[in-house]
Amino acid sequence: MPSASALSEKDARLIKRCCVCPQLALVSLVMPFVLGVLFILGEMIGDLVFYGEGNLRFLGMNVYFAFAIAFMIVFCYCALMPKFGMSSKRWVALTEQLRVRQTEEDRSAEIAGALALSAAGRLLSDSDNEAAQDLGGLASVAGAAATAAVAAEQLAEISGNAEAVAEAYGVTVPDTKRALIAMVAASVLVTAAAYGARYLSASESMQKSQVAASAQVELLTSAFEEAGLATATVGNPAEKYRDEGYTVYGFLSGDYWSHDGGEVSIDLDKNGLVTDVWYSERVDIKKSLEDNLAQAQQDFSKLGKALSASNARAKTEALLTQHEFSEEFCQQFSAGDIYTEIWLSDRTEDYYIYYFFNTEEQDAFNENTQPEIQLDIKAR
């Protein structure tokens, strides 16, 4: 029996590579799926827990795709290299010299089935029917899994054939176990570290937003309290971060529940920037429409004065200034009745302003109906 020393160095390297490459290819085939699970979990945590905040939002995603591309390159090389090497004349000569048995199963039916599943998945995913789209997603996943399974079987067969030749010629196959473990561990740890860095950045960003929003809420509530007005806040930025932002209410009288007299609600974004100011006043049906309009304008001016004194940060300064009802709204309201709604709007370069009279038609109007005059200034 020929020994390893009887082989040329080139033949020995060929045998070793054909033994090692399938193992590397198999790990490279599996790892994108393993890292894909980490990627999905990492993105879910980043979006649901940390609201996609921070400067490193795409770090984990970029690391995942970098590893996926690297593993794809390694897989292609390590899968094709032994395939071509073991179909060469030299390999055939080596196997025939010692009559080393080589197996080659026909997997064309399995490959065709996997490709058919993938193709069906793509077609169904393009359908307008939601059920078909769901089936398409399942078919695509099944097709990918079937393709990976066939590839794994082929790699196992190649590895077995190569190891049979190595054993016949007494070639010592390098132990790749440590290298494979290191490759798996390194990719998992780097991906986990990337998401850890992203979460740390997000946490710091959220804390900064909370501090900024807390300062804004304090400015607003202090300004209203100094004007002798009651306040209420939805969401306390000092206690909990709110991606949807916060709302500060100011009341001329009563509280959040009673809605007696004029009130203003001020919407702030997650960083405490004022984005929308909404004034409202309930109409006293015992008074004339002109008196109700005059009272609403008077109350809104008092609320607006307190808001202006807060010196809070706003998306546009118009949100913090006092506004009067448009002439058109005043005319329509005075000429109308208690049962006719009014919806008017104006806009400028940096904000919209809406004038509302919300009520019910006469047939639906009853003692529980609460007509309101409203004025809304919204940043564009």
Practice problem: Kindly check if the number of other-residue, nucleotide or ligand heavy atoms within 6.0 Å of CG (Asp284) is above 12? | Solution: yes
Practice problem: Report yes or no: do Leu200 and Val211 belong to one cluster of Ile/Leu/Val/Met/Phe/Trp/Tyr joined by side chain heavy-atom distances under 4.5 Å? | Solution: no
Exercise. Check the surroundings of atom CD in Glu324: do more than 12 heavy atoms from other residues, nucleotides or ligands lie under 6.0 Å from it?
Key: no
Practice problem: Could you walk me through whether Glu53 and Tyr241 pass side chain to side chain donor-acceptor pair (under 3.5 Å), step by step? | Solution: CA-CA 11 Å; Glu53 290 293 331; Tyr241 174 86; 2.9 Å; yes
Quiz item: Is atom CZ of Arg380 surrounded by more than 12 heavy atoms (other residues, nucleotides or ligands) closer than 6.0 Å?
Solution: yes
Quiz item: Is it true that Glu263 and Arg282 have a side-chain N and a carboxylate O under 4.0 angstrom from each other?
Solution: no
Quiz item: Would you say the side chain of Ile377 lies within less than 4.5 Å of the side chain of Tyr279, judging by non-hydrogen atoms?
Solution: yes
Quiz prompt | For Thr340, side-chain hydrogen bond (donor to acceptor under 3.5 Å, both in side chains) partners two or more places apart | solution = Asp337
Self-check item: salt bridge (charged side-chain N to carboxylate O under 4.0 Å, His left out) against Arg90, all qualifying residues, sequence neighbours excluded
Solution: Asp11
Self-check item: Counterpart residues, salt bridge (charged side-chain N to carboxylate O under 4.0 Å, His left out), relative to Glu9 (two or more places apart)
Solution: Arg13
Self-check item: Greater than 12 external heavy atoms within 6.0 Å of Leu344's CG
Solution: yes
Self-check item: Interatomic spacing from OG1 in Thr191 to CG in Leu41 - rounded to 0.5 Å
Solution: 12.0 Å
Exercise. For side chain to side chain contact (heavy atoms under 4.5 Å, CB included), just list the numbers for Leu219 and Asn311, CA-CA rounded to whole Å, side-chain angles, deciding distance to a tenth of an Å, and then say yes or no.
Key: CA-CA 7 Å; Leu219 284 175; Asn311 293 318; 5.5 Å; no
